[in-house]
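Beneath this line is the structure, given in structure tokens, with notes to follow.
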Amino acid sequence: MTEIMVACDDVSRTYGTGLSAVVAVHGTSCTVSAGARIAVAGPSGSGKSTLLHLMAALERPTRGKVTWPGLPVTADTRAHLIGVVFQSPSLVPTLDVAENTGLPLVIAGVDRSEVARRVAEALELVDVAELAAKLPEEISGGQAQRVAVARVLARRPRLVLADEPTGQLDHAAGRRLLDALLAATAHLEAALVVTTHDNAVADRLDTHWTMREGRLLTAVVPS
Ligand SMILES: Nc1ncnc2c1ncn2[C@@H]1O[C@H](COP(=O)(O)OP(=O)(O)OP(=O)(O)O)[C@@H](O)[C@H]1O
């Protein structure tokens with residue numbers, strides 16, 4: 001049977017209360033299987049990021065349940081098993097590319113030689129190995145975003161959730177970033193969920209989900 005990385009069971013997330021309450025995600029059920037490659041599209045404000053944050057355990061549902069049947073997710077293991085890529089890379093300006101990539105591993109107390117090994121592998125996977133000694137200010141926005149992906153991959157996650165990862169990149173840099181994400185998650189045998197407004201991005205993924213007003217419409221598998 002296919003392993004389920006994350007399952008949302010009738011999940012809702014409401015922000016605020018009373019008249020100002022916003023139902024960002026409404027009664028949504030879905031599953032992400034091991035190795036799945038899913039694009040989540042939908043208009044701005046339709047709940048894509050909120051759904052992703054619920055899957056990442058960065059938000060708690062106000063109703064329903066999110067579970068990770070195939071992953072031993074606890075507060076301690078979450079960040080290693082589930083990698084989240086945001087729209088903006090948020091690198092530490094005073095650390096070089098290799099140090100930025102290894103920072104979460106160093107904080108987690110991973111052995112120095114193991115950090116070096118995983119950083120080298122991750123930078124290779126996203127094709128920025130030659131930038132290892134550069135500072136963030138010395139690299140392009142597209143390269144910085146690939147370093148942010150490497151920082152996630154260095155933890156060897158089983159599930160990668162990318163929230164508009166190409167949103168701040170031009171077409172060519174966006175394509176390169178997506179190439180790197182697809183190749184790296186295939187290498188790590190990780191499932192990948194990408195939210196996007198861009199059809200060119202969605203078309204590269206196997207399964208298409210659409211959100212409207214907080215609801216997940218029927219998933220479409222392109223022929
Ligand atoms: N922390 C928050 N507090 C209050 N409202 C929020 C919060 N986060 C999201 N919302 C609201 O929830 C709704 C869904 O937002 P969400 O960011 O999930 O949508 P989205 O589809 O990802 O949008 P975009 O494509 O513009 O990023 C919106 O109405 C938004 O204003």
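These numbers come from a predicted model, not from an experiment. Order of listing sets the numbers, starting from 1, for every ligand and every atom in it.
- Annotation: ligand 1 has protein neighbours Tyr15, Val22, Ala24, Pro43, Ser44, Gly45, Ser46, Gly47, Lys48, Ser49, Thr50, His197, each with a heavy atom less than 4.0 angstrom from the ligand.
- Of the N and O atoms on the side chains of His26 and Glu213, not one donor lies less than 3.5 Å from an acceptor on the other residue.
- A heavy-atom distance below 4.5 Å is found between the side chains of Asp96 and Glu99.
- Side-chain contact of Asp198 with Thr196: a donor-acceptor pair under 3.5 Å is absent, judged by distance alone.
- For residues 10-26, the set of pairs meeting the salt bridge (charged side-chain N to carboxylate O under 4.0 Å, His left out) definition, not counting sequence neighbours, comprises Asp10-Arg63, Arg13-Glu59.
- Salt-bridge formation is not detected for the pair Lys48/Asp163: no Lys NZ or Arg NE/NH1/NH2 atom is positioned less than 4.0 Å from an Asp or Glu carboxylate oxygen.
- Judged by distance alone, with hydrogens and angles left aside, the side-chain atoms of Asp9 form no donor-acceptor pair with the main-chain N or O of Gly64 at under 3.5 Å.
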